[in-house]
Amino acid sequence: MTDTQSLHEQMLNLGKRAQATTNQVANLTLNQRNQILTNIAQTLVKQSDAILAANQLDLDQYGSTLSGPMVKRLTLTKAILAEIADSLYSLVQLADPLAGPYENWTNQAGLKINVVTVPLGVVAMIYEARPNVTVDAASLAIKSGNAVILRGGKEAIHTNRYLVQLMRQILSDLGYNPDIIQLVTDTSHASVDELLHLRSYIDVLIPRGSAAFINHVVTNATVPVIETGAGNTHIFVDESADFDQALSIIENAKTQKPAVCNAAEKLLIHQNIADEFLPLVIERLQTQDQVELRGDVASCELAPNQLTAATAADWDTEYNDLIMGVKIVDDIQEAINWINQHTTHHSETILTEEADHAQLFMREIDAAVVYQNASSRFTDGFQFGFGAEIGISTQKLHARGPMGLKALTTVKYEIFGQGQIRP
């Protein structure tokens, strides 16, 4: 048997085992599902030293190969583990996504029709070096009655192995099949490609990563995919914007956590305020926060010594780093047209005091989340009140925006008759 055949068989078995658990997890009561999540939350705190030791192995092995923001995403601390545990407790408090009220009616033939909410079945997650996603995805899957297959990045493999081991042990201790949660331990590209074609066993695949990676998954998968994550996120500063407020929002959106998909990557400035506002941006972002600014011709002419010239590729690049593109635009319509040309349909922001400009922007921008006078960093399932999120959908079918429990369910029609036949 070749290595490829061995991996193929391994992935098939993973899918089969996950599918075999779907009836059990779908039929767990709300209290049983919440007990699993509570036990996971408690274990994260109790086992924090061992989890951090596993995380340190990943940092020792891969930390030097990653950018500063990516290292920050990979790094766990006791405080971060406590935050993850708190998110699980919040998830426990949320209503049962599988409960009613259900729609029901009787049709003209006298058939009673019920529309009930049911889990998707087997959810597969492919993601990068973010160990918190391992817990978030597993917990959301369980709360919504789904089995989950996790395939994290190689940079977090030690952490992910240990986290999944803990969660599987919790399932076993409670008398449930541990295969409700499974981890793909092969971190090669081949394992991703195998997952993309497990259509007989996986009901939906959710990729989280770079635009190029997500495009690869969407283009090549035969499994249904929810497109997520890539965030070439823009902020447009209208001529009526409050400067102090705008600077705070821009700084937060760019620098608070630059390696995430809801961080701002591009800044558009109305030409009527560019002379005054651009120097303030340079002072705040470049001098204080060490953000590299890459500008168009107009912005570079205004600040030739502070900005470097942007290339054509810059306008479509998600940096995930302390880098930001800057462009001067003539008016709001040019800003809208530019954003719609370069958006990844994630989160887009206008900073304005003009209500009609805000409404125009809201109406015409093609993105899952559109903001007026707020940081795009709020595009997050926890911030939206979903308890946690399994991803941020940038597509339009089934789910869009931050995806919580509801996005991991579908419907089933139950029909009750008394012998009717169709004439």
Side-chain angles (χ1 to χ4, degrees), residues 25 28-63 71-97 125 127-144 146-148 150 152-153 155-183 185 208 256-257 259-260 380-391 402 404-405 408:
V25 66
L28 294 175
T29 67
L30 176 62
N31 286 340
Q32 289 173 322
R33 284 176 270 143
N34 283 341
Q35 186 63 61
I36 295 169
L37 301 188
T38 299
N39 287 11
I40 293 173
Q42 292 171 344
T43 300
L44 289 177
V45 175
K46 290 178 181 177
Q47 297 294 326
S48 60
D49 288 339
I51 296 170
L52 296 182
N55 187 238
Q56 190 61 50
L57 293 175
D58 290 321
L59 291 167
D60 290 343
Q61 185 168 355
Y62 294 105
V71 170
K72 188 174 181 180
R73 292 173 79 169
L74 173 60
T75 303
L76 293 178
T77 64
K78 289 193 175 184
I80 291 173
L81 289 173
E83 289 175 4
I84 298 172
D86 286 342
S87 74
L88 291 178
Y89 290 128
S90 297
L91 195 57
V92 167
Q93 297 303 315
L94 295 181
D96 186 355
M125 280 286 300
Y127 53 103
E128 52 210 347
R130 295 183 65 184
N132 65 297
V133 175
T134 302
V135 179
D136 287 347
S139 58
L140 282 163
I142 289 171
K143 177 84 177 191
S144 54
N146 292 284
V148 64
L150 304 165
E155 296 86 357
I157 186 60
H158 295 96
T159 313
N160 288 340
R161 278 180 182 268
Y162 195 71
L163 288 171
V164 171
Q165 176 187 324
L166 291 175
M167 291 189 290
R168 285 172 60 87
Q169 188 60 53
I170 287 166
L171 290 170
S172 294
D173 291 345
L174 290 171
Y176 309 131
N177 190 331
D179 289 340
I180 291 169
I181 303 173
Q182 293 187 85
L183 176 70
T185 56
R208 292 176 61 169
Q256 196 245 358
K257 207 170 185 180
V260 293
D380 173 86
F382 187 79
Q383 294 292 331
F384 277 31
F386 299 162
E389 72 177 27
I390 201 160
L405 297 170
L408 297 179

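The structure displayed is predicted, hence computed values, not measured ones. Starting from 1, each residue takes its place in the sequence as its number.
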Point to revise | side-chain contact (heavy atoms from CB on, under 4.5 Å) evaluation trace for Phe382 with Glu83 | key: CA-CA 11 Å; Phe382 187 79; Glu83 289 175 4; over 6 Å; no
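- In this structure, OG1 in Thr134 is found 3.5 Å from CG in Asn160, a value given to the nearest 0.5 Å.
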Review point. Should Val71 and Tyr62 be marked as a side-chain contact (heavy atoms from CB on, under 4.5 Å) after you check the CA-CA gap, both sets of side-chain angles, and the distance that decides it?
Key: CA-CA 9 Å; Val71 170; Tyr62 294 105; over 6 Å; no
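- With rounding to the nearest 0.5 angstrom, the CE atom of Met125 is 5.0 Å from the CZ atom of Arg208.
- Using a 4.5 Å heavy-atom threshold, the side chains of Thr185 and Arg161 count as touching.
- Minimum interatomic distance between Leu76 and Pro131 (heavy atoms only, all atoms of both residues): CD1-CB, 4.0 Å.
- When atom types are taken as modelled, the side chain of Ser48 and the backbone of Leu44 share no donor-acceptor pair closer than 3.5 angstrom.
- The side-chain hydrogen bond (donor to acceptor under 3.5 Å, both in side chains) check on Ser144 picks up Asn146, with sequence neighbours excluded.
- The distance from atom CG of Leu163 to atom CD of Gln47, rounded to the nearest 0.5 Å, is 11.0 Å.
- Contact of the Arg130 side chain with the Val133 side chain is registered, since non-hydrogen atoms from C-beta on lie closer than 4.5 Å.
- A heavy-atom distance below 4.5 Å is not found between the side chains of Leu405 and Ile390.
- Atoms OG1 and CG, from Thr29 and Asn34 in turn, are 8.5 Å apart once rounded to the nearest 0.5 Å.
- The existence of a salt bridge linking Arg168 and Asp179 is confirmed by a sub-4.0 Å separation between a basic side-chain nitrogen and an acidic carboxylate oxygen.
- Proximity of Leu171 to Met167: side-chain heavy atoms (C-beta onward) are nowhere separated by under 4.5 Å.
- Using a 4.5 Å heavy-atom cutoff, the side chains of Leu81 and Thr77 are not in contact.
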Check your understanding: How far apart are the C-alpha atoms of Ile180 and Val148, what are their side-chain angles, what is the distance that settles it, and do they pass the side-chain contact (heavy atoms from CB on, under 4.5 Å) test?
Key -> CA-CA 6 Å; Ile180 291 169; Val148 64; 5.8 Å; no
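- Put simply, the side chain of Tyr162 does not reach to within 4.5 Å of the side chain of Ile157, judged on heavy atoms.
- Remark: the backbone N or O of His158 is paired with a side-chain donor or acceptor of Asp58 at under 3.5 angstrom.
- Scored by the salt bridge (Lys or Arg N to Asp or Glu O under 4.0 Å) test, Lys257 finds no partners at all (sequence neighbours excluded).
- Side-chain contact check for Leu166 versus Ile51: some heavy-atom pair is nearer than 4.5 Å.
- Between the side chain of Lys143 and the main chain of Leu30, no donor-acceptor pair closer than 3.5 Å is present.
- Note that CD of Gln169 and CD1 of Ile181 are 12.0 Å apart. Values are rounded to the nearest 0.5 Å.
- Rounded to the nearest 0.5 angstrom, Leu37 CG and Leu91 CG are separated by 5.5 Å.
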**Study point:** Stepwise side-chain contact (heavy atoms from CB on, under 4.5 Å) test for Asp380 and Val260
**Key:** CA-CA 11 Å; Asp380 173 86; Val260 293; over 6 Å; no
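- Considering only heavy atoms from C-beta on, Arg33 comes within 4.5 Å of Pro97 through its side chain.
- Exactly one residue among Asn39, Thr38, Asn31 makes a side chain to side chain donor-acceptor pair (under 3.5 Å) with Gln35. That residue is Asn39.
- In this structure, Asp49 pairs ionically with Lys78, as a charged nitrogen and a carboxylate oxygen lie closer than 4.0 Å.
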